[in-house]
Amino acid sequence: MPPTNQELSLLINPLVPESVQHNNRVLTQLHSLTSFLLGLTAGILALQSATGFAFYFLGTILVSGIFHAALLYRSKGKGAGGYYPGAGGEIEGLMTGRNGVVFDAGRGLRKGAWRDVWFGGGVLGEALSGFVLGWAGVGGVLR
């Protein structure tokens, strides 16, 4: 039975599970810290209702963009695929030659790895609750 594209991807460009866990932990800590700081800022600015949540989402987009740009710079343009598994860990553009040799016709980009950077790390979960905690706490103290 021939190997699947996911198995070939992991053979060509392996991801160490401990490294992926570490990267996810760093991303979670980054999003948690920045969301709490955004919450403190929203409380100090006395933002209310939709304005406060718009501030959170714009701040999160900015931080994720800066983090993604740092990953692009560090990986020399290959993106987040070297650090995050993406959708199943498959590499885009794997091709098999006539003699059965598998080669990477693309640039080694993992499918959907960018989603891990932009939507991973609890952006809509624990980071959002940290934002609300900081926002309500500081807003309540200042009033």
Side-chain angles (χ1 to χ4, degrees), residues 1-97 101-143:
M1 180 163 74
T4 64
N5 278 347
Q6 182 180 8
E7 292 170 340
L8 290 173
S9 298
L10 291 174
L11 284 173
I12 291 173
N13 191 2
L15 285 173
V16 179
E18 291 83 11
S19 297
V20 172
Q21 287 175 348
H22 170 73
N23 294 342
N24 286 330
R25 191 171 39 248
V26 167
L27 186 62
T28 300
Q29 290 172 350
L30 173 74
H31 281 301
S32 295
L33 178 65
T34 56
S35 67
F36 184 69
L37 293 175
L38 287 169
L40 293 176
T41 307
I44 291 169
L45 295 174
L47 300 178
Q48 295 180 357
S49 189
T51 309
F53 285 111
F55 180 75
Y56 169 71
F57 288 117
L58 289 175
T60 301
I61 289 170
L62 177 70
V63 168
S64 295
I66 291 170
F67 188 73
H68 198 220
L71 284 177
L72 282 171
Y73 177 75
R74 183 163 173 98
S75 67
K76 296 179 179 63
K78 289 189 177 183
Y83 305 99
Y84 296 95
E90 279 186 39
I91 295 177
E92 294 178 5
L94 286 182
M95 301 192 73
T96 307
V101 175
V102 177
F103 61 96
D104 183 7
R107 297 184 315 163
L109 301 174
R110 293 191 191 278
K111 293 180 182 177
W114 63 272
R115 287 187 200 108
D116 292 338
V117 174
W118 288 87
F119 302 117
V123 170
L124 296 175
E126 56 197 55
L128 181 60
S129 64
F131 168 76
V132 171
L133 178 68
W135 184 21
V138 170
V141 168
L142 293 178
R143 286 194 184 92

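This is a predicted model, so every value here is computed, not measured. As a basis for the values below, the full set of heavy atoms in this structure was taken, side chains included, without hydrogen atoms, waters or symmetry mates.
With sequence neighbours excluded, the residues that form a side-chain contact (heavy atoms from CB on, under 4.5 Å) with Ser75 are Lys78, Tyr83. For the side-chain contact (heavy atoms from CB on, under 4.5 Å) test, residues two or more places apart in sequence or in another chain that qualify with Leu124 are Phe57. Remark: Ile44 engages Val138, Leu142 in a side-chain contact (heavy atoms from CB on, under 4.5 Å) (not counting sequence neighbours). Taking Phe119 as the reference, nothing meets the ring-ring contact (aromatic ring centres under 6.0 Å, His included) condition, with sequence neighbours excluded.
Looking at Ser64, its side chain never comes within 3.5 Å of a backbone N or O of Ile61 through a donor-acceptor pair.
Here ring pair (Phe, Tyr, Trp, His ring centres under 6.0 Å) pairs that include residues 122-143, with residues two or more places apart or in two chains, are Phe53-Trp135, Tyr56-Phe131, Phe131-Trp135.
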Acceptor/donor pairs from residues 25-40 side chains to any protein atom, 3.5 angstrom cut, sequence neighbours excluded:
residue: Thr28; atom: OG1; partner: Asn24; partner atom: O; Å: 2.8
residue: Ser32; atom: OG; partner: Thr28; partner atom: O; Å: 2.9
residue: Thr34; atom: OG1; partner: Leu30; partner atom: O; Å: 2.9
residue: Thr34; atom: OG1; partner: His31; partner atom: O; Å: 3.3
residue: Ser35; atom: OG; partner: His31; partner atom: O; Å: 3.0
residue: Ser35; atom: OG; partner: Ser32; partner atom: O; Å: 3.0
residue: Ser35; atom: OG; partner: Ala127; partner atom: O; Å: 2.8

* To do: Decide yes or no on side chain to side chain contact (heavy atoms under 4.5 Å, CB included) for Val117 and Leu71, but give the supporting numbers first.
  => CA-CA 9 Å; Val117 174; Leu71 284 177; 3.5 Å; yes

